There are 2 protein chains.
Amino acid sequence: MAKRETSGAETPYHHGALREALLAATEALLDEAGLESFTLRECARRAGVSHGAPAHHFGDARGLLTAFAAQSFEQLEARTSDYMARAEQRPYERLVANGLAYLDHALGNPHRFRLMFRSDRLDHADPDLSRAAAAVFHHFETCMREVLEAAGRPHADLGPCTAHAWSLVHGMATLMLDNGMFACRVGDYEAARAMFLDLMRRSRPLFEG
Amino acid sequence: MAKRETSGAETPYHHGALREALLAATEALLDEAGLESFTLRECARRAGVSHGAPAHHFGDARGLLTAFAAQSFEQLEARTSDYMARAEQRPYERLVANGLAYLDHALGNPHRFRLMFRSDRLDHADPDLSRAAAAVFHHFETCMREVLEAAGRPHADLGPCTAHAWSLVHGMATLMLDNGMFACRVGDYEAARAMFLDLMRRSRPLFEG
DNA sequence: GACGATGACTTGACAGTGTCTAGTTTAACT
DNA sequence: AGTTAAACTAGACACTGTCAAGTCATCGTC
């Protein structure tokens with residue numbers, strides 16, 4: 001080959017922001033066709049780079065997916081903060097807002113949400129990922145703690161109550177995504193949200209005693 | 001090639017029970033290394049046939065996985081019946097037994113359980129799969145109906161209560177499998193069962209009013 | 001300013017995959 | 001006995017992830 005392409009400034013050798021470009025391509029690929037049709041090579045193609053380039057930034061496919069999942073957890077965390085800030089500032093309403101953020105994140109970005117819990121494709125030893133995931137959990141736990149304290153319930157209930165609430169919202173989200181059983185198809189946000197709010201209303205005495 | 005192998009009865013041309021052999025090989029592969037390292041060709045190898053043989057019985061990889069998932073749902077259904085038969089014959093105890101069967105199935109066969117909800121690898125239009133999955137759900141719903149009736153609660157609560165209980169146990173199972181968050185590692189059955197029983201005890205007033 | 005060194009990226013190869021097509025073997029049915 | 005259809009083999013294709021080796025650009029140092 002001569003030097004590069006004949007024309008001038010297109011496709012410089014150094015991409016400059018390949019890391020971000022690859023993460024963006026991953027997002028596009030996931031949203032379009034899901035994790036199963038995600039391909040490292042296609043990802044490189046979209047970023048306009050050769051198939052071997054991603055290895056330099058992420059090691060292998062698992063590394064790229066792990067980085068993307070960490071980013072997704074951070075987005076969830078941000079959404080959670082946002083919802084809680086907009087909610088009525090009472091403990092239970094804040095908890096509900098937290099759950100709603102979780103649900104909306106799942107239903108709004110199904111493929112991204114599935115990846116976040118696909119332990120077989122992720123490197124759970126990765127510090128970024130585990131930090132981001134733990135942050136989401138701790139946020140949730142903090143909400144629950146406020147609910148229990150306001151209701152004067154013993155601290156010993158925190159673990160079980162957190163497990164209960166988180167299992168509930170996580171189970172709902174995954175069943176809605178991967179099982180048609182709730183008669184609430186993907187995309188039917190309103191029905192899903194209504195169902196969640198109803199369950200949270202019913203569960204209230206469980207947490208507030 | 002002469003006719004076949006020189007020796008006599010080994011590897012007859014017609015396998016005789018290839019369908020079952022392939023399903024068994026799938027089970028072995030999943031249990032050993034999970035869905036991600038499952039391979040149609042390796043599966044054929046284990047069954048002692050050529051790589052193209054499975055297509056005749058299952059069409060493609062999705063078809064084989066779908067058939068296996070249907071079988072797994074049937075196993076779950078059988079386990080549920082078993083647990084319920086052994087339980088104390090009171091509505092709530094039967095409901096708890098049902099949930100426990102679900103949990104044990106998930107924790108005892110993590111890869112199989114994950115596959116059952118991997119909608120991207122399954123053909124949900126398959127009648128066997130949808131029938132087997134629906135059977136599990138209806139079994140669950142029937143349990144809940146008995147609880148509500150015994151407690152004299154309105155029929156309108158059936159939907160929400162079923163959704164609640166199923167989300168709870170499904171969420172617990174998946175979070176235990178794909179997230180280390182419950183500090184209850186895979187294999188720590190007793191802690192998981194204890195946690196589930198505790199949550200079901202706490203939730204009792206929610207369902208019995 | 002020349003110059004190593006180092007990171008960013010390309011290129012080609014390799015083993016492996018799922019699926020397709022065409023061909024071969026066997027059993028079953030007239 | 002001869003035909004038909006099912007069960008299975010064998011080879012090809014396009015594609016994948018990863019690896020090794022090479023090329024290109026930039027940056028700090030003399």
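None of these values were measured; they are calculated from a predicted model. Below, chain A is the first sequence line, B the second, and so on; all start at residue 1.
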Residues passing the side-chain hydrogen bond (donor to acceptor under 3.5 Å, both in side chains) test with Arg94(A), sequence neighbours excluded, are Gln89(A), Glu146(A)
Note to self: Quick check on dA7(D): is either OP1 or OP2 less than 4.0 Å from any side-chain nitrogen or oxygen of His56(B)?
What the structure shows: yes
What are the atom names and distances for every N/O pair under 3.5 Å that joins the protein to nucleotides 15-18 of chain C?
from    : atom 1 : to       : atom 2 : distance (Å)
dT17(C) : OP2    : Arg45(B) : NH2    : 2.8
dG18(C) : OP1    : Leu40(B) : N      : 2.7
dG18(C) : OP2    : Leu40(B) : N      : 3.4
dG18(C) : OP2    : Arg41(B) : N      : 3.1
dG18(C) : N7     : Arg41(B) : NH1    : 2.3
dG18(C) : O6     : Arg41(B) : NH1    : 3.1

For residues 133-142 of chain A, dump all side-chain donor-acceptor pairs below 3.5 Å to protein atoms at least two apart in sequence or in another chain.
from      : atom 1 : to        : atom 2 : distance (Å)
His138(A) : ND1    : Ala134(A) : O      : 3.0
His139(A) : ND1    : Glu77(A)  : OE1    : 3.4
His139(A) : ND1    : Glu77(A)  : OE2    : 3.2
Thr142(A) : OG1    : His138(A) : O      : 2.8

Between CZ of Arg62(A) and C1' of dG17(D) the distance, given in whole Å, is 12 Å
### Output field: ring centroids His170(B)/Phe113(B) closer than 6.0 Å
yes
Rounded to whole Å, the CG-P distance (Leu18(A) to dA25(D)) equals 15 Å
Whole-Å distance, Phe58(A) CZ to dG17(D) P, equals 15 Å
Which donor-acceptor pairs under 3.5 Å do side chains of residues 32-41 of chain B form with protein atoms, sequence neighbours excluded?
from     : atom 1 : to        : atom 2 : distance (Å)
Glu32(B) : OE1    : Arg46(B)  : NH1    : 3.4
Glu32(B) : OE1    : Arg46(B)  : NH2    : 2.9
Glu32(B) : OE2    : Arg46(B)  : NH1    : 2.9
Glu36(B) : OE1    : Arg118(A) : NH2    : 3.2
Glu36(B) : OE2    : Arg121(A) : NH1    : 3.2
Ser37(B) : OG     : Ala33(B)  : O      : 2.8

Residues 49-69 of chain B vs salt bridge (Lys or Arg N to Asp or Glu O under 4.0 Å), sequence neighbours excluded, gives none
Residue pair Arg19(B)/Arg121(A) against DNA chain D: nearer the 5' end by closest nucleotide is Arg19(B)
Atom CD of Glu36(B) and atom P of dG17(D) are separated, to the nearest Å, by 12 Å
Applying side-chain hydrogen bond (donor to acceptor under 3.5 Å, both in side chains) to Asp157(B) and not counting sequence neighbours gives Arg202(A), Arg153(B)
